[in-house]
*Asks:* 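Before anything else, here's the structure in question.
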Amino acid sequence: MLSKKHICFFLAGLCSIAYFNSIHGEFIIDDPYAVVNNPQIENLWASALDPALFCNALSYRIGKLNVAPHHIVSIIVHCLNTILVFFFLQRFYGQEPSLAGAALFAVHPVHVEAVSWISGRTYLLLAFFVLMTYLLYEKATRLAAQEKKAYAVFYLLSLLIFSYFINSQFSYYSFLPFFLVFSDCVSRR
């Protein structure tokens with residue numbers, strides 16, 4: 001049985017191998033609008049309330065209009081999402097099926113647009129915030145009866161993450177409270 005650390009490194013490596021060829025790709029489709037011709041991208045802290053814009057501004061701060069840092073940040077977010085998918089699946093299945101599902105998620109071609117297009121990073125961030133909110137909320141509900149302080153910390157973290165992202169992506173992210181209630185109803189024993 002592999003340790004969680006080895007699984008995380010394996011999944012991150014799989015994502016990196018799958019999308020390594022996109023690092024030197026050009027700004028395409030909506031990327032010039034989101035990065036090259038976007039005056040808001042130069043001010044990191046002014047863009048802090050919009051996760052996608054903040055991520056683009058952070059990439060811009062690292063490499064200006066060099067496309068490689070922008071693509072590397074997208075690959076890193078995809079790696080994090082893949083690891084979170086593993087932990088999400090482990091909530092329902094064993095380690096081996098969860099690893100297989102996360103590995104499939106890592107290399108599935110449906111993610112090419114989100115990972116390779118800088119303007120598609122919004123979808124990567126949506127997945128990241130949904131998975132993080134769910135996993136933190138789920139951890140809080142498991143700890144509710146045992147450790148009141150830990151419960152409060154995990155619950156508040158999930159609420160903060162939810163509040164941060166819903167500000168900019170309400171139409172996509174507004175389904176999450178219904179999903180959490182459904183999850184609570186289904187998982188109660």
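These figures come from a predicted structure and were not determined experimentally.
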*Asks:* Find the distance between NE2 (H6) and CG (L99) and round it off to the nearest 0.5 Å.
*Replies:*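 Separation between the atoms: 13.0 Å.
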*Asks:* If you measure from OG on S116 to CG on N21, what distance do you get to the nearest 0.5 Å?
*Replies:* 7.0 Å
*Asks:* So among T133, V130, L160, L125, which one has a side chain to side chain contact (heavy atoms under 4.5 Å, CB included) with F165?
*Replies:* L125
*Asks:* How close do I41 and A34 get, counting heavy atoms only, and between which atoms?
*Replies:*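 Scanning both residues, the minimum pair turns out to be CD1-O, 3.8 Å.
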*Asks:* For residues L53 and N38, determine if any side-chain heavy atom of one lies less than 4.5 Å from a side-chain heavy atom of the other.
*Replies:*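 The answer is yes; the side chains approach within 4.5 Å.
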*Asks:* Would you say L65 and V36 make side-chain contact, with heavy atoms under 4.5 Å?
*Replies:* yes
*Asks:* Using the side chain to side chain contact (heavy atoms under 4.5 Å, CB included) criterion, which residues pair with A102? Sequence neighbours excluded.
*Replies:* L11, T82, V85, F86
*Asks:* Quick check on the hydrophobic clustering: are L80 and V110 connected, directly or via other members, by side-chain heavy-atom contacts under 4.5 Å?
*Replies:* no
*Asks:* Do Y137 and V153 sit in the same hydrophobic cluster, where Ile, Leu, Val, Met, Phe, Trp and Tyr count as joined when their side-chain heavy atoms come under 4.5 Å apart?
*Replies:*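 Yes, Y137 connects to V153 through the hydrophobic network.
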*Asks:* How close do P97 and G94 get, counting heavy atoms only, and between which atoms?
*Replies:*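 That closest heavy-atom pairing would be CD-O, 3.4 Å.
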*Asks:* If you count every heavy atom of other residues, nucleotides or ligands that lies below 6.0 Å from Q146 atom CD, does the total exceed 12?
*Replies:*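 Yes, enclosed.
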*Asks:* Establish whether W117 and F27 are linked, either directly or via other cluster members, by ILVMFWY side-chain heavy-atom contacts under 4.5 Å.
*Replies:* no
*Asks:* What distance do R121 atom CZ and E113 atom CD have between them, rounded to the nearest 0.5 Å?
*Replies:* 14.0 Å
*Asks:* If you compare all heavy atoms of A106 against all heavy atoms of C15, which two are closest, and at what distance to 0.1 Å?
*Replies:*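 Between these two residues, the closest heavy atoms are CB-SG, 3.5 Å.
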*Asks:* Any side-chain heavy atom of Q95 within less than 4.5 Å of one from I7?
*Replies:* yes
*Asks:* For the atom pair CG (D184) and CD (E138), what is the distance rounded to the nearest 0.5 Å?
*Replies:*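 Taking CG in D184 and CD in E138, the distance rounds to 9.0 Å.
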*Asks:* To the nearest 0.5 angstrom, please state how far the NZ atom of K4 sits from the CD atom of Q90.
*Replies:* 3.5 Å
*Asks:* Let me confirm one number: the CD1-CG distance from I118 to L124, rounded to the nearest 0.5 Å.
*Replies:* 11.5 Å
*Asks:* Does Y19 reach the side chain of V112, with side-chain heavy atoms less than 4.5 Å apart?
*Replies:*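 Counting from C-beta outward, Y19 and V112 do come under 4.5 Å.
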*Asks:* Honestly curious: do I76 and V35 fall in one hydrophobic cluster under the side-chain, below-4.5 Å linking rule?
*Replies:*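 No; tracing contacts between hydrophobic side chains, which count when under 4.5 Å, never links both residues.
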*Asks:* Report the C-alpha separation of D50 and Q40 in whole Å, then their side-chain angles, then the decisive distance to 0.1 Å, and conclude whether the side chain to side chain contact (heavy atoms under 4.5 Å, CB included) test is met.
*Replies:* CA-CA 11 Å; D50 182 346; Q40 296 175 320; over 6 Å; no
*Asks:* Can you confirm whether S47 sits close enough to N43 that some side-chain heavy atom of one is under 4.5 Å from a side-chain heavy atom of the other?
*Replies:* no
*Asks:* Using the rule that Ile, Leu, Val, Met, Phe, Trp and Tyr join whenever any side-chain heavy atoms are under 4.5 Å apart, tell me whether Y60 and V73 fall into a single cluster.
*Replies:* no
*Asks:* Do M132 and L84 have side chains that get closer than 4.5 Å, going by heavy atoms?
*Replies:* yes
*Asks:* Would you check if the side chain of S183 reaches a backbone N or O of F179 as a donor-acceptor pair within less than 3.5 Å?
*Replies:*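 Judged by distance alone, no pair lies under 3.5 Å.
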*Asks:* Parallel, tilted or perpendicular: which fits the ring planes of Y134 and F88, with parallel below 30° and perpendicular above 60°?
*Replies:* perpendicular
*Asks:* Give a yes or no on whether F178 atom CZ has more than 12 heavy-atom contacts from other residues, nucleotides or ligands under 6.0 Å away.
*Replies:*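 Not more than 12 within 6.0 Å, no.
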*Asks:* So F105 and H78, would you call those rings parallel, tilted or perpendicular, with 30° and 60° as cut-offs?
*Replies:*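 Plane angle under 30°, so parallel.
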*Asks:* With R61, which residues qualify under salt bridge (charged side-chain N to carboxylate O under 4.0 Å, His left out), at least two apart?
*Replies:*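 With neighbours one apart ignored, the set is empty.
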*Asks:* Which atom names give the shortest non-hydrogen contact between G63 and P69, and what distance separates them?
*Replies:*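 Taking G63 first and P69 second, the nearest heavy atoms are CA-CG, 3.7 Å.
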*Asks:* Go through the steps to decide whether F129 and Y164 satisfy the test side chain to side chain contact (heavy atoms under 4.5 Å, CB included), and finish with yes or no.
*Replies:* CA-CA 9 Å; F129 284 107; Y164 175 65; 3.7 Å; yes
*Asks:* If you take all heavy atoms of D31 and S119, which pair is closest and at what distance?
*Replies:*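 Residues D31 and S119, closest heavy atoms: OD1-N, 2.7 Å.
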*Asks:* Please list, chain by chain and in numerical order, all residues satisfying ring-ring contact (aromatic ring centres under 6.0 Å, His included) with F9, sequence neighbours excluded.
*Replies:* none
